[in-house]
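Scroll down for the structure; my scribbles are underneath it.
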Amino acid sequence: MMSKHTLTDREMLTDALSSEKFMTDNYNNYANECASPSLMNEFMNLLSEEHQIQHDVFSEMQKRGWYPTQDAPAEKIQQAKLKFSSSIN
């Protein structure tokens, strides 16, 4: 007899987050390589929607303690600001 495995909330959210990251990667590539302005605009709209869904899933996981993040040290933030501001100028 085959055992039935139901996914936990954590497993479902982890899968959803992974899927959303995959979708945003693909929509970004499609938009970058699109020759039609109207089609590119549609891909950009889809990309924006998928990013919002991805952020919602990420936020829910973070709220439940399933995706912990750490604040960057102020020194590292300053280094990044300097690095990117010098590359713009």
Side-chain angles (χ1 to χ4, degrees):
M1 188 162 159
M2 191 180 280
S3 67
K4 184 178 176 184
H5 176 73
T6 30
L7 296 174
T8 65
D9 288 349
R10 185 175 187 165
E11 290 169 327
M12 286 188 280
L13 286 173
T14 299
D15 183 62
L17 185 61
S18 178
S19 295
E20 287 304 321
K21 288 178 179 182
F22 178 77
M23 292 301 298
T24 56
D25 284 346
N26 283 327
Y27 282 136
N28 188 56
N29 287 333
Y30 301 153
N32 282 339
E33 298 174 0
C34 197
S36 164
S38 62
L39 189 56
M40 185 189 108
N41 191 42
E42 189 60 34
F43 280 129
M44 293 299 290
N45 289 334
L46 290 167
L47 179 61
S48 180
E49 290 173 16
E50 292 299 327
H51 271 295
Q52 185 58 55
I53 294 167
Q54 183 272 332
H55 181 73
D56 292 345
V57 173
F58 168 80
S59 295
E60 184 61 30
M61 291 184 74
Q62 198 174 37
K63 182 174 79 175
R64 294 180 184 203
W66 298 340
Y67 203 115
T69 58
Q70 295 179 334
D71 291 339
E75 180 182 312
K76 293 285 184 185
I77 294 171
Q78 189 59 35
Q79 286 174 355
K81 284 181 181 179
L82 289 172
K83 176 182 174 183
F84 290 107
S85 68
S86 66
S87 67
I88 293 172
N89 296 329

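- With sequence neighbours left out, Asp9 forms a salt bridge (Lys or Arg N to Asp or Glu O under 4.0 Å) with Arg64.
- When hydrophobic side chains of Ile, Leu, Val, Met, Phe, Trp and Tyr are connected at separations under 4.5 Å, Ile77 ends up as a singleton with no cluster partners.
- By the salt bridge (Lys or Arg N to Asp or Glu O under 4.0 Å) test, Arg10 pairs with no residue at all, sequence neighbours left out.
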Just do the side-chain contact (heavy atoms from CB on, under 4.5 Å) check on Asp56 and Glu60 with the steps written out, would you?
CA-CA 6 Å; Asp56 292 345; Glu60 184 61 30; over 6 Å; no
Distance-only donor-acceptor hits, side chain of residues 38-51, under 3.5 Å, sequence neighbours excluded:
| residue | atom | partner | partner atom | Å |
| --- | --- | --- | --- | --- |
| Ser38 | OG | Ser36 | OG | 3.3 |
| Asn45 | ND2 | Asn41 | O | 3.4 |

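- Under the salt bridge (Lys or Arg N to Asp or Glu O under 4.0 Å) criterion, Glu11 pairs with no residue at all, not counting sequence neighbours.
- Identified under the salt bridge (charged side-chain N to carboxylate O under 4.0 Å, His left out) test for residues 65-84, with sequence neighbours left out: none.
- Distance check, rounded to the nearest 0.5 Å: OG1 of Thr8 to CH2 of Trp66 gives 6.5 Å.
- Under a cut-off of 6.0 angstrom, the local environment of OH in Tyr67 is sparse, with at most 12 non-hydrogen atoms contributed by other residues, nucleotides or ligands.
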Only pairs under 3.5 Å count here: list side-chain donor-acceptor contacts from residues 26-33, not counting sequence neighbours, and write none if there are none.
| residue | atom | partner | partner atom | Å |
| --- | --- | --- | --- | --- |
| Asn26 | ND2 | Phe22 | O | 3.4 |
| Asn29 | ND2 | Asp25 | O | 3.4 |
| Asn32 | ND2 | Asn28 | O | 3.3 |

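- Residues meeting the side chain to side chain donor-acceptor pair (under 3.5 Å) test with Ser59, sequence neighbours left out: His55.
- Legend: residues meeting side chain to side chain contact (heavy atoms under 4.5 Å, CB included) with Thr6, ordered by chain and number and at least two apart, are absent.
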